[in-house]
Each structure stands twice: as C-alpha cells, then as structure tokens.
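The structure presented is a predicted model; accordingly, all values stated were derived computationally and were not measured.
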Amino acid sequence: MDGQITPETTGPLAGMKVVELAHIMAGPVCGLMLADMGADVIKVEKPDGDDSRRFVPPAIEGESAAYMMMNRNKRGIALNLKQPDGVAALHRLLKEADVVIENYRMGTMERLGLGYADLRAINPRLIYCEISGFGRTGPYANRGGFDLIAQGMSGLMSITGEGPGRPPVKPGAPISDITAGIIAAMGVSAAYARMLQTGEGQKVDTSLFEAAITQTYWQSAIAFATGTAPGPLGSAHPLNAPYQSFRTSDGWVNVGAANQRNWERFLEVIGASELGHDPRFATNQDRMQNLHALEGILNDRLGHETTQVWLDRMEAAGLPAGPVLDILQMHDDPQTRARDMIVDVAHPKAGSVETLGHPIKFSDTPASIRRAAPVLGQHSREVLAEAGYDSAAIDAMIAAGAVIAA
C-alpha cells in the first residue's frame, strides 16, 4: 500500500509509507527528514504519548515545543501494545508499510512478533530501520543509549572545550541524536532505491555511537597518522590556522583565513603586514605550531574595532568571515529566511507556530512542511480506516483501550 499522496504532497519520497515506532529524538529526526521529503510518516505512540510531550517548559497552549519541533509533517496514532488488539493493529500497518523506524530496546520487537524475520515473511519489501545506542551487534548491543553517553565514548567530548586541563564539554546540540537520525534517513533512502529496483527490503542499522564517531574525521585522521589523541582547541581548527573565533571590541568574529592567500589577505585587512614576515607564522604548519602566540596577537589586534566593522572590511576583501549569532539572531538572519529555514505551520491546539525548514532544496520535487505535529491520537481513526478497519471495530478498540483517539 503506497503512502498517502494528497494534492499538496511534494518531495522525492512522495508515495513512501513509513511507520515510526520511535521516541524523543534520533528516530523522530529520521521520520521528520523522510516526511519533509514527501513520505507519509505515521507516528505510533504509546497511550501516554512520546516522552518528548513531557519536555516542558516551554509549551505553547499546553503543547510541548520540543515535541512539535520533532514531529511536524507526521500523522499520529496511539496504540496500547500491551493489548493484543493494539499489537494486531500495528502488525497490519507494518504489513503494508515500505519502512519501519524503531528504537526499542533489543529484543522488544521480537517479543511482540514484529522482529525483522517476522515482518520480512509477510512483507519482503519492508525496509526495517533500527536506531539504537550502539548498534544491534557487538559487545554493547544490549546497552541503552543516550546522546551524552555516545558523545563521551566517541571521543567528541575529549576534543570539545577551551583547552587542555579543562573539564570535558558536550557540544551544545545533541549531535549524536541528530546525526543518527540524518544518517538513518540516508540509509532508508538508499535501501528504498534498491527496493524499487529489486522488490526486496533490508535491514538498516545505525546508532548514536557511530553517528558521533563520524563527527571525528579530522581528529581521527590526526590520531591515525601520529598515534596521539588530539585535544580541545576551543574554536580553533586542528589542521589549519587561523580558522577560529577572535574577540572584537563588542563580541566575536569567526575568520577563515587558513590558506596562504587568505592569510595574506587577512593581514592586509587588519593592518598587520609585519606578521607576514614573522617566521613563526610563515606557513600553515608554522602557524599551527605557534597557535597560542598567534591567537594572542590576533585577539589584541581585532579587539580595537567592533564585529561589524571587521565584517564589513573582510567582506569587501573577499575574506571568509561571519558573526557568532545566538539562536534568535540566527532565526532573524536574512539568509535563514531567504532559504526558508523558518516556516510557519498551523497546529490544531497551539495555533500558528514556527518550526525549522528542511535543509535540502530540490529543483523539481521540493520538500515541504505540510502539517504540524499531531496531538496524541489525532489520526488514529483515519489511519486504522485506511488499514481496513470499519468504524465499529475502531470504536471497539478505542473503548477497550487498545487505541487512543483524539
């Protein structure tokens, strides 16, 4: 059964039907990406809803802002999987789906009769996407996973922070959660392309741990080559200099002046041509070896003018540079708005709410934000009717507590 295609549905994945059995973040990010690209994503929640519904404050008209951010473009159904009728309804949805996304503890789907082998027997086209803390194989396969734990074990927290001897720092965003969801969506899309060619689905297995590891390409390259684990450098780059934030008279400016031509252009902009003759800074290798001294000199020089003055001068010189914006400033930035990265969507309870747009722009099949996140059980009746249940059967399941309907 193809995913629901409506006149307003757009995107390269229109026609794909996805059942999302995932909560909080990594799995919902995967579903969000697929939904933005046109897939009909049916989010299956437990009777009290996804745990992110309780991530409050903040809330808008009683609806969790966190939940609404992660679940736009999805239809919502709530099932009680402790009741046979709830499991049977889910089984029917999965029999007709193209993709299932799950992030249950290892063995949970199998105990429900919904493991990969079970579902493949009745739906060989199904793409079975598993997102877990550490993957479904290896010595940590049975462990639960959280973003903080994955960031620490991947090495990310050892390279984040102000410098040696300081406490470990977690990047402010839940990088492993978000990256795992994006990687999973990439894997699902690849498996879907293969399924359209062969008619055969497959398992897609990724984890927070592996997602975080993929963020260490540069630092892992250094460690492979030197046998030494790199440490934190603040905003500096581990391989190029200057490529970091510098203090101005009223804030900070990011400067990408690492290659030799940009380094020379940078010295012209800041009026420090003498540094071009300083042997400590002659080449990128020299600058990296003397990075601490270089930082001090450049912070002192840039501290005499405002961020905007430097940005104007650097832009005029064609030098890569940018301000350090807070989240609200980023939301209001004209480039953010021009790229449709802030979108208004109508929610049945919260009214008009803002959400982030889709980051990929397709010329012929554009992604779109078509609907707000569902209230709990908003589409239960609709989805079950599409799956072949009549009104009396749906009413009976609701009355028995196997299904929750808004």
To the nearest 0.5 Å, how far apart are [atom1] in [X] and [atom2] in [Y]?
X	Y	atom1	atom2	value
Trp263	Asn284	CH2	CG	10.5 Å
Cys129	Leu21	SG	CG	11.0 Å
Gln151	Ser158	CD	OG	11.0 Å
Trp252	Ser235	CH2	OG	7.0 Å
Glu386	Glu96	CD	CD	11.5 Å
Leu294	Leu275	CG	CG	7.5 Å

Exercise: identify the closest heavy-atom pair between [X] and [Y]:
X	Y	value
Asn73	Ser368	ND2-O, 2.7 Å
Ala211	Thr179	O-CG2, 3.7 Å
Ile394	Tyr389	CG1-CB, 3.7 Å
Arg53	Leu376	NH2-N, 3.2 Å
Ser176	Ala150	OG-CB, 3.7 Å
Glu20	Gly31	OE1-CA, 3.4 Å

(Q) Apply side-chain contact (heavy atoms from CB on, under 4.5 Å) to residues His379 and Ile77 and explain how you reach the verdict. (A) CA-CA 5 Å; His379 303 99; Ile77 179 172; 5.8 Å; no
Q | Residue among Lys74, Lys17, Arg371, Arg75 satisfying salt bridge (Lys or Arg N to Asp or Glu O under 4.0 Å) with Asp40 | A |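 The passing option is Arg75.
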Q.
Go through it in stages, so that I can follow the logic: the residues are Arg125 and Asp98, the test is side-chain contact (heavy atoms from CB on, under 4.5 Å), and I'd like the CA-CA distance, side-chain angles, deciding distance and then a yes or no.
A. CA-CA 6 Å; Arg125 300 173 66 256; Asp98 297 307; 3.1 Å; yes
Around atom [atom1] of [X], are there more than 12 heavy atoms from other residues, nucleotides or ligands closer than 6.0 Å?
X	atom1	result
Glu315	CD	no
Gln289	CD	yes
Gln285	CD	no
Tyr243	OH	no
Arg92	CZ	yes

Donor-acceptor pair, distance only, cut-off 3.5 Å: does the side chain of [X] make one with the backbone of [Y]?
X	Y	result
Gln329	Asp326	yes
Arg265	Leu319	no
Arg301	Gly271	yes
Asn290	Ala293	no
Trp218	Pro238	no
Asn71	Ala373	no
Glu63	Ile60	no
Ser352	Ala346	no
Asp286	Thr283	yes
Arg105	Asn142	yes

Validation row: [X], [Y] side chains within 4.5 angstrom (heavy atoms):
X	Y	answer
Val343	Glu354	no
Leu90	Leu112	no
Glu45	His23	no
Asp147	Met25	no
Pro232	Thr160	no
Leu311	Val253	yes
Tyr192	Ile127	yes
Gln308	Thr248	no

Q. Taking the six-membered ring for Trp, are His358 and Phe362 parallel (under 30°), tilted (30 to 60°) or perpendicular (over 60°)?
A. parallel
Does this structure show an ion pair linking [X] with [Y], if we count only N-O contacts that are shorter than 4.0 Å?
X	Y	value
Arg313	Glu268	no
Lys46	Asp51	yes
Arg339	Asp333	no
Arg247	Asp300	no

Q. Between Gln244 and Glu295, is a side-chain hydrogen bond (donor to acceptor under 3.5 Å, both in side chains) present by the stated rule, with each step listed?
A. CA-CA 9 Å; Gln244 64 186 91; Glu295 287 176 330; 2.8 Å; yes
Q: Tell me, with the steps shown, if Glu61 and Lys349 meet salt bridge (charged side-chain N to carboxylate O under 4.0 Å, His left out).
A: CA-CA 7 Å; Glu61 297 298 326; Lys349 285 183 65 179; over 6 Å; no
Q: Consider only side-chain N and O atoms of Gln219 and Thr216, and report whether a donor and an acceptor are under 3.5 Å apart.
A: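 No pair is found: no donor N or O on one side chain lies under 3.5 Å from an acceptor on the other.
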Q: Please test Tyr128 against Ile101 for side-chain contact (heavy atoms from CB on, under 4.5 Å), starting from the C-alpha separation and ending with a verdict.
A: CA-CA 6 Å; Tyr128 196 100; Ile101 305 165; over 6 Å; no
Q: Take Asp332 and Arg337 through the test salt bridge (charged side-chain N to carboxylate O under 4.0 Å, His left out) and record every step on the way to the result.
A: CA-CA 7 Å; Asp332 289 336; Arg337 297 286 173 170; 3.7 Å; yes
Q | Test log, rule side-chain contact (heavy atoms from CB on, under 4.5 Å), inputs Arg136 and Met106 | A | CA-CA 7 Å; Arg136 296 305 194 193; Met106 193 166 179; 3.7 Å; yes
**Q.** Worked check of side-chain hydrogen bond (donor to acceptor under 3.5 Å, both in side chains) between Asp250 and Thr306
**A.** CA-CA 5 Å; Asp250 65 349; Thr306 66; 4.6 Å; no
